[in-house]
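Chain A is the first sequence line, chain B the second, and so forth, proteins listed ahead of strands; every chain is numbered from 1.
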Amino acid sequence: MDLYWGSVVTPMGGALLVGSRQGIQRLWFEDTAQGVTLAGCQRADGRAQAVFASLMSEPATTVEQFDVQGTAFQRQVWQALLEIPLGMTTTYQVIADAIDRPKAVRAVANAIGANPIAYFIPCHRVVRSDGGLGGYRWGVERKRAILDWERDRVSRAA
DNA sequence: AGCCACTCGTAAA
DNA sequence: TTTACGAGTGGCT
């Protein structure tokens with residue numbers, strides 16, 4: 001199997017990263033990482049941190065860059081998330097339209113909630129059509145914090 | 001069968 | 001204007 005795991009420090013707190021030779025499998029924020037199974041994984045903090053750093057400087061653009069498991073529908077949704085630019089937000093409805101399933105908004109939201117790779121598959125950039133923030137598996141406060149942090153980063157770069 | 005990180009139309013305050 | 005509620009909707013367990 002050849003799975004490794006390690007702790008990494010993200011701008012919004014510690015996280016657990018699990019990966020294989022094919023790429024990251026999961027990235028979970030530590031304070032809500034209950035349920036993550038590390039059985040059969042070798043601890044390799046250095047490797048995890050290197051992969052993390054590389055993704056921070058060069059964001060992924062396709063789901064193939066990760067070793068994620070999911071249904072065809074979920075992978076399609078996650079791919080759409082990777083196309084949202086840093087510092088921008090979109091809505092659940094826009095994602096549903098983008099994958100050509102305009103009526104499956106709710107299913108899209110479920111798929112987004114099932115995203116196994118926090119932050120790098122940017123589910124935090126999806127908000128409600130009515131202007132509300134929507135939900136976040138790791139707490140809406142963190143969702144807001146990530147969005148603020150990203151906007152700040154973009155404005156500094158400009 | 002039942003659960004949802006949604007959305008829209010309608011209605012009441 | 002804002003808030004509340006019902007129904008439509010579809011993937012997933």
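- Taking a 6.0 Å sphere around CG of A:D130, one finds it holds more than 12 heavy atoms contributed by other residues, nucleotides or ligands.
- Within the structure, a side-chain polar atom (N or O) of A:S129 is placed less than 4.0 Å from OP1 or OP2 of B:dT7.
- Counting only N and O atoms by type, the side chains of A:S54 and A:E58 include no donor and acceptor under 3.5 Å apart.
- A:D130 has its CG atom 7 Å from the P atom of B:dT7, to the nearest Å.
- The distance from the CZ atom of A:F120 to the CG atom of A:L82 is 11.5 Å, given to the nearest 0.5 Å.
- Checked by atom type, the side-chain pair A:T91/A:R125 shows no donor-acceptor distance below 3.5 Å.
- Stem regions annotated for DNA chain C: B:1-4 with C:10-13, B:6-13 with C:1-8, counting only runs of 3 or more consecutive pairs of Watson-Crick or G-U type with both contacts under 3.5 Å.
- Rounded to whole Å, the distance from CG on A:D97 to C1' on B:dC8 is 14 Å.
- Rounded to whole Å, atom P of B:dC4 lies 15 Å from atom CZ of A:R128.
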Between the protein and nucleotides 9-12 of chain C, are there any N/O to N/O pairs under 3.5 Å, and if so, what are the atom names and distances?
unit_1 : atom_1 : unit_2 : atom_2 : d
C:dG10 : N2     : A:N110 : ND2    : 3.0
C:dG11 : OP1    : A:R101 : NH2    : 2.0
C:dG11 : N2     : A:N110 : ND2    : 3.3
C:dC12 : OP1    : A:T71  : OG1    : 2.0

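- A:L17 pairs with exactly one of A:W28, A:Y4, A:W5 by the side-chain contact (heavy atoms from CB on, under 4.5 Å) rule, that one being A:Y4.
- Around atom CD of A:E64, more than 12 heavy atoms belonging to other residues, nucleotides or ligands sit under 6.0 Å away.
- Side chains of A:Y119 and A:E150: a donor-acceptor N/O pair is present below 3.5 angstrom, by distance only.
- Inspection of the A:D67 and A:S20 side chains reveals an N or O donor paired with an N or O acceptor under 3.5 Å.
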